[in-house]
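Numbers for residues simply follow the sequence, beginning at 1. This one's a predicted model, so the numbers in the text were calculated from it and none came from an experiment.
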Amino acid sequence: MHKPIKYVEKAVTYGAKGIWFAFERLNRVKPNPSPTPKWSDKPLLKSFEKSKPPLGWPRATDSLCPKCVPEIRQQILDGHLPHEVLLNQKVGEIKATIVEMDGKIMMVKECPKHGRFEDVMSIDTEFSQHLEEVFPGRDIRAHNDEKLHNHGSSTVKYGRGSVLTIDLTNRCNMMCDPCFMDANQVGFVHELQWEEIKQMLDNAITIKPRRQMSVQFSGGEPTLSPYFLDAVRYARKVGYNSVQAATNGIEFAKSFEFAQQAVEAGMRYAYLQFDGIGNAANAHRKVGNLFDVKLKAIDNLHRAGCEIVPVVTIVNGINNEQVGRIIQFALDNPKKIGFLSFQPVSFTGRDEAVTDDRRKAQRYTLSHLAHDVKNQTGLGEPRRDWFPISFMSTFSDWADLMHADDANNNWGQLSCGCHPNCGTGMAIMIDKETKEAVPVTAFLHGDQLAKDIAKVNDAARGKFLTSVGMALCLMKNYDSFKSPTHFKLMDLLQKFDKNYNVTGKNYGKVGPERTIDDVMKRRKDRWNFLFIAGMWFQDLFNYDFRRTEQCIIPYATQEGEISFCAYNTGVGWRNIIEKMHMTATLTKWYDEHGRHEIFAGGKNVKMEASDHNLILREGIVTTEEQHDLDKLGIAKNSREEKLRARDAKQKEARGPQMNDEAYNARMAALYREVVLKEKPAQSENGFIPLGALSKPNGNSAPAAVEAREAEPVAGD
């Protein structure tokens, strides 16, 4: 039975619809021109002025050959080609077609040299169609950016982005598969010096439109950089409200004091690597107690005043069964977790040479995510409750219009203007007290709300009427009978006020002057707006330059700001720039600085304590690894793939006449003779007895060597 207030709110909704009818028609009369705010040299865009890339299918686009690109990149790294070919020529580029095949959306392309490639983009055509239909369009074209955006076909052209990423170091204290940057394996150290960090942050605020962004310090593991805290502090100083670290959490789990220092320096968010619930669900990262580390890191960071965003790399057959468990973990801990970021695997870095069989078996798309959330939690309808991340730009446009004439407004709103194929999300409203959770778009009609707000924005009537218009939009699209039990329309209006600073009420400051008291004040809100996001980074098999040019996650480098996908995948700017600006070879680095500790091969992280205050249901903790790929006979990662390829070559080399036992015996004899310098044992007739070719414990030498290889050492 509904509370009486729900009926009152229903009446308010009907009244708002009537008022909106008159308001919207008056608003159409002689709309005002869009203002040009101080943070842009170009006026704000009306909804009908926004450009869009070609959408729908079939459609043609520009892509890359998965075989040509690594070959050309290697030529650049070896000094046989100048890196300027990436600026002046379309190296490795081929045409691609995005089509519907057998109920799926596929990218199909053909290289004259390497033949045909195809990969799945979506397993739900209606879901993908919905995302593209509600895409609001690109942001203002980037300007005053010529020095920082100059990367040939990979150049970022639209907007300012949402997350400015700065890799402080390529050193890491883990040896993960997958790893898009191949940390600890490239043979040299690339670590930014202090002046380089300052220069990148100073450069970042010169690009227009100058919008608020999250500045994310990444790596490798950013906390290994001696300048980590200084970098956080300086990012706040130049004016960014949201500073974050993309971290595995090890250093924060080891020390609460370090977490405090980071928050005091200005860190607001920890983008925490998080693959599943339980140590077994994290076993593929090869750290024995990694889940215990995550729990302690969350506990320490939250107590210190930092917000936590678990970041989940989803690999089909490895941890896709964890989607529901991770969401349930967030629902059980709404006061500590307000955002989840799922990132379907991108076959790059250590996985760029992935075999076709493993790629097809492990491929995971945004459509997989939406359906897994529904199937594993019962939350959300893929074609009703999931929207492209860029959908939020309509709300950012409204906030930009509201504050366009503010005297001290030198920054635009954070705006997610990425391609609808890049990212998607679903918002869940959670009652922190009762744990009741309802998708926001189950009680707030998202599609129509965005259309209504766009009409308010296009009229550009000034602050008062624009705020009135938003209130009407929210009220007329609100369904009180489908909202959480204790949720009220006023709570919805306050949520928007809190996020967009409409009334000027102090909900806890977020600017450079933010204190721990402000953090605690913002946390008092009864309602947690949990955003479940999916961000799908490209690889060479599904690369689309239409996505790259409107990237919202630019990398700040010594060679300008580069799209995330162009940097880590695509033509591979990361490999080239890090080699160009190499700090030292590994040998020289270790001589001067020593080796940092690496947790791999099942090694445990030593922590002062492992206790925490998180709610952890016994039923969602995973006790064994996912075995889907074992059943299919598919390798789980690049290392396993290489070992299988090596074994296949060895079998081919020895021929069918030699069985495994004889082959291992021969290899053991060679190992003892060549490596250990032992004289081969001989029988009376001069032959080597088979028993002499094995170690006393029965293990052959090659097996022992392989076991040694499987245990990574720092710098290996």
Side-chain angles (χ1 to χ4, degrees), residues 50-63 95-109 117-138 314-316 320 323 341-347 359-360 362-376 379-394 416-427 439 441 445-448 450-451 531-552 565 569:
K50 292 191 172 189
S51 64
K52 296 182 180 181
L55 298 173
W57 49 82
R59 71 173 184 263
T61 192
D62 299 301
S63 189
K95 295 292 182 181
T97 305
I98 296 174
V99 296
E100 182 176 350
M101 295 170 56
D102 302 322
K104 300 177 181 178
I105 306 300
M106 305 289 292
M107 175 177 281
V108 180
K109 53 191 177 183
F117 301 90
E118 61 179 51
D119 210 335
V120 63
M121 306 287 290
S122 172
I123 60 170
D124 185 339
T125 57
E126 292 185 17
F127 170 78
S128 298
Q129 183 179 0
H130 162 67
L131 295 184
E132 294 192 358
E133 285 177 348
V134 298
F135 171 60
R138 299 164 169 143
I314 293 287
V315 186
N316 217 23
N320 56 296
V323 169
S341 179
F342 291 94
Q343 298 180 355
V345 63
S346 170
F347 295 109
R359 173 169 56 88
K360 291 174 182 177
Q362 293 187 347
R363 175 63 80 197
Y364 193 87
T365 70
L366 296 174
S367 56
H368 284 90
L369 175 64
H371 282 275
D372 276 349
V373 172
K374 169 67 175 177
N375 295 336
Q376 295 178 30
L379 287 171
E381 296 295 335
R383 297 157 207 171
R384 181 197 69 187
D385 298 319
W386 289 81
F387 288 81
I389 290 178
S390 48
F391 181 77
M392 295 304 295
S393 66
T394 300
C416 300
C418 58
H419 194 285
N421 295 164
C422 289
T424 184
M426 174 175 66
T441 43
H445 305 304
D447 293 35
Q448 188 59 48
K451 293 176 183 176
F531 193 69
I532 302 173
M535 197 71 193
W536 189 21
F537 299 116
Q538 304 179 84
D539 51 49
L540 289 172
F541 302 94
N542 55 32
Y543 204 85
D544 184 348
F545 280 100
R546 300 295 81 74
R547 291 176 59 181
T548 304
E549 62 194 17
Q550 58 188 94
C551 177
I552 62 167
C565 291
T569 66

Answer whether the closest heavy-atom distance between the side chains of His130 and Asp447 falls below 4.5 Å.
yes
Minimum side-chain heavy-atom gap Glu132-Trp57 below 4.5 Å:
yes
Can you sort out the partners of Phe545 under ring-ring contact (aromatic ring centres under 6.0 Å, His included), two or more places apart, ordered by chain and number?
Tyr543
So, Thr125 side chain and Gly103 main chain: donor-acceptor pair closer than 3.5 Å or not?
no
SG (Cys422) and CZ (Arg546) are apart, to the nearest 0.5 Å, by 12.0 Å
Tightest non-hydrogen contact, residues Gln376 and Asn320, listed as NE2-O, 3.1 Å
Just wondering, more than 12 heavy atoms not from Lys104 lying within 6.0 Å of its NZ?
no
Okay, side chain of Asn542, backbone of Gln538: is any donor-acceptor separation there less than 3.5 Å?
no
Applying side-chain hydrogen bond (donor to acceptor under 3.5 Å, both in side chains), name anything that partners Asp124, two or more places apart in sequence or on another chain.
His371, Arg383
Can you tell if the side chain of Thr365 reaches within under 4.5 Å of the side chain of Phe127, non-hydrogen atoms only?
no
For Val345 and Trp536, which heavy atoms make the closest approach, and how far apart are they?
O-NE1, 3.7 Å
Is there a donor-acceptor pair under 3.5 Å between the side chain of Ser390 and the backbone N or O of Cys418?
yes
Testing the basics here: between Met535 and Gly423, what is the closest heavy-atom pair and its distance to 0.1 Å?
SD-CA, 3.9 Å
Please round to the nearest 0.5 Å and tell me the distance separating atom NZ of Lys109 and atom CG of Asp119.
8.0 Å
Sequence neighbours excluded, which residues qualify as ring-ring contact (aromatic ring centres under 6.0 Å, His included) partners of Phe537?
Phe564
Using side-chain hydrogen bond (donor to acceptor under 3.5 Å, both in side chains) as the criterion, list what pairs up with Lys95, not counting sequence neighbours.
Asp62
Tell me, please, which residues at least two apart from Phe531 pass ring-ring contact (aromatic ring centres under 6.0 Å, His included).
Phe339
Out of curiosity, Met121 CE to Ser367 OG, how far, rounded to the nearest 0.5 Å?
10.0 Å
Please list, chain by chain and in numerical order, all residues satisfying ring-ring contact (aromatic ring centres under 6.0 Å, His included) with Phe342, sequence neighbours excluded.
none
How long is the gap from CZ on Arg59 to CE on Met107, to the nearest 0.5 Å?
8.0 Å
Between Ile123 and His368, is there a side-chain heavy-atom distance shorter than 4.5 Å?
yes
Mind listing the closest non-hydrogen atom pair of Pro58 and Val99 along with its distance?
CB-CG1, 3.9 Å
Look up atom OG1 in Thr424 and atom CD1 in Ile532, then write down how far apart they are to the nearest 0.5 Å.
11.0 Å
With rounding to the nearest 0.5 angstrom, report the CD1 to CG distance, Ile98 to Asp544.
5.0 Å
Do Pro388 and Val134 have side chains that get closer than 4.5 Å, going by heavy atoms?
yes
Would you please test Thr569 and Asp539 for side-chain hydrogen bond (donor to acceptor under 3.5 Å, both in side chains) and show each step?
CA-CA 5 Å; Thr569 66; Asp539 51 49; over 6 Å; no
When every non-hydrogen atom of Val373 is compared with those of Leu379, the smallest separation belongs to CG1-O, 3.6 Å
Quick one: does Gln550's side chain get under 4.5 Å of Pro53's, heavy atoms only?
yes
Ring geometry between Phe135 and His419 (parallel below 30°, tilted from 30 to 60°, perpendicular above 60°)
parallel
Between Ser393 and Pro136, what is the shortest heavy-atom contact and its length?
OG-CG, 3.2 Å
